[in-house]
Amino acid sequence: AATPAPAMPEPPKAAGSRGETRVKMNRMRQRIAERLKEAQNTAACLTTFQECDMGALMELRTAHKDEFEKVHGVKLGFMSAFVAASTKALIEIPAVNAYIDDDAKEIVYRDYCDVSVAVASPNGLVVPVLRNTEAMSFADVEKTIGAFGAKARAGALALEDMAGGTFTISNGGVFGSLMGTPILNPPQSAILGMHATKMRAVVAKDGSVVARPMMYLALTYDHRMIDGREAVTFLKSVANKIEDPARLLLDI
């Protein structure tokens, strides 16, 4: 007679809860999902990276933040510098501020800069628009962002606050992101991703190795209309202006 096979031991039961919860997607989350997928389906997305030494900007902020807040009634952050640097770079490289009209098969160039700034809200990430940033001061930017942030937290942002925009800046660094590839906000052709500032070992011009506060910048762009040369030139221009904030004053 055949010997019966030994009984296989039962695997241990999983510990803890095995429940699931289903939550209906709200309209904002549905719209975010639609637009992000639209960007992937339509644009030829490519991302280029650049590192940026934040030391000079941090020193500028430390030296003037108290007086800035006293005069303007708002704190001096880094976003105003990035909006200013991006705006000047958009003027230098007009293709990054343009978009493709797919129906007309035309490229539309703008003579103004409307920068969308990603802001966290209780219902998800929203991107209110700073209009005509080429005419805005640092204080204008900080006050407007602060007002939008308050409206976002109160759930009071209107559709017109988020409509339009020619370029987007997303700051994942406030949440600790070291590096990432942002997704286009259609019909815009480019988006700048800011990341966390970390002390890293850097080789100085004299060959010495020093610790510097460094940030990775990422530019995702629509390669259908923006060539690599234009994208890299734009991102390098932003980094140069952040590393030497005097360039923002001198328009160089």
Side-chain angles (χ1 to χ4, degrees), residues 35-57 78-100 102 107-110 113-118 125 127 130 133-134 165-203 205 212-245 247-248 251-252:
R35 289 180 62 81
L36 293 181
K37 194 58 187 171
E38 176 189 342
Q40 287 187 322
N41 291 341
T42 303
C45 295
L46 187 63
T47 304
T48 185
F49 297 93
Q50 181 67 46
E51 62 179 358
C52 178
D53 189 326
M54 294 288 289
L57 183 59
F78 294 133
M79 184 58 78
S80 50
F82 276 93
V83 169
S86 297
T87 298
K88 292 186 181 298
L90 289 171
I91 294 170
E92 294 167 4
I93 313 292
V96 182
N97 198 42
Y99 73 97
I100 292 178
D102 289 295
I107 297 176
V108 182
Y109 293 92
R110 288 105 157 195
C113 299
D114 287 353
V115 178
S116 305
V117 178
L125 199 67
V127 280
L130 308 177
T133 55
E134 72 278 4
T166 66
F167 181 77
T168 293
I169 300 176
S170 178
N171 186 7
V174 296
F175 305 111
S177 170
L178 179 63
M179 183 183 290
T181 56
I183 299 178
L184 291 180
N185 180 20
Q188 297 174 18
S189 298
I191 178 172
L192 176 69
M194 299 167 55
H195 297 96
T197 299
K198 300 286 186 183
M199 294 299 292
R200 294 205 307 271
V202 176
V203 180
K205 291 181 179 179
R212 297 295 300 169
M214 304 298 293
M215 175 190 287
Y216 287 118
L217 301 177
L219 182 77
T220 296
Y221 59 99
D222 188 348
H223 208 353
R224 295 179 301 164
M225 63 166 293
I226 301 173
D227 296 329
R229 178 184 62 85
E230 293 169 317
V232 173
T233 302
F234 174 89
L235 190 56
K236 186 63 178 175
S237 175
V238 172
N240 286 342
K241 290 171 173 56
I242 294 300
E243 290 186 338
D244 183 4
R247 290 175 177 270
L248 296 173
D251 289 328
I252 58 175

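We're numbering straight along the sequence, starting at 1. Side-chain atoms are counted along with the backbone in the values below, which use heavy atoms only and exclude waters and symmetry mates.
- From Leu219, atom CG reaches atom CG of Leu46 across 9.5 Å, with rounding to the nearest 0.5 Å.
- Classification of Glu243 and Arg212 as a salt-bridged pair fails, no side-chain N sitting under 4.0 Å from a carboxylate O.
- From Thr48, atom OG1 reaches atom NE2 of His223 across 10.0 Å, with rounding to the nearest 0.5 Å.
- Rounding to the nearest 0.5 angstrom, the gap separating the CE atom in Met214 from the CG atom in Leu178 is 11.5 Å.
- Thr166 pairs in a side-chain hydrogen bond (donor to acceptor under 3.5 Å, both in side chains) with only one of the listed residues (Thr133, Asn97, Asp114), which is Asn97.
- Of all the heavy atoms in Ile226 and Ser189, the pair that sits closest is CD1-O, 3.6 Å.
- Remark: Thr47 pairs with Thr220 by the side chain to side chain donor-acceptor pair (under 3.5 Å) rule, at least two apart or across chains.
- Checked for salt-bridge contact, Arg224 and Asp222 meet the test: a charged N lies under 4.0 Å from a carboxylate O.
- Considering NZ of Lys88 and CZ of Arg247, their distance stands at 12.5 Å, rounded to 0.5 Å.
- Looking only at distances, a side-chain donor or acceptor of Gln188 sits under 3.5 Å from a matching main-chain atom of Thr168.
- Here the OG atom belonging to Ser86 is positioned 5.0 Å from the CG atom belonging to Leu192, to the nearest 0.5 angstrom.
- Here the closest heavy-atom approach between residue Arg110 and residue Gly165 is recorded as NH2-O, 3.8 Å.
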Using the side-chain contact (heavy atoms from CB on, under 4.5 Å) rule, take Leu90 and Phe234 through it: C-alpha gap first, then chi angles, then the decisive distance, then the call. CA-CA 7 Å; Leu90 289 171; Phe234 174 89; 3.6 Å; yes

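- Residues His195 and Gly180 come closest through the heavy atom pair NE2-N, 2.9 Å.
- In this structure, CD1 on Ile93 lies 11.0 Å from CG on Leu235, to the nearest 0.5 angstrom.
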Residue pair Cys45, Ile183: steps toward the side-chain contact (heavy atoms from CB on, under 4.5 Å) verdict: CA-CA 8 Å; Cys45 295; Ile183 299 178; 5.7 Å; no

Test log, rule side-chain contact (heavy atoms from CB on, under 4.5 Å), inputs Phe78 and Leu57: CA-CA 8 Å; Phe78 294 133; Leu57 183 59; 3.7 Å; yes

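- Among all heavy-atom pairs drawn from Leu184 and Ala39, the shortest one is O-CB, 3.5 Å.
- A pairwise comparison of heavy atoms in Ala98 and Tyr109 identifies CB-CD2, 3.7 Å as the closest pair.
- Listed by chain and residue number, Gln40 satisfy the side chain to side chain donor-acceptor pair (under 3.5 Å) test with Lys37 (two or more places apart in sequence, or in another chain).
- When all heavy atoms are compared, the tightest approach of Thr181 to Phe49 is CG2-CZ, 3.7 Å.
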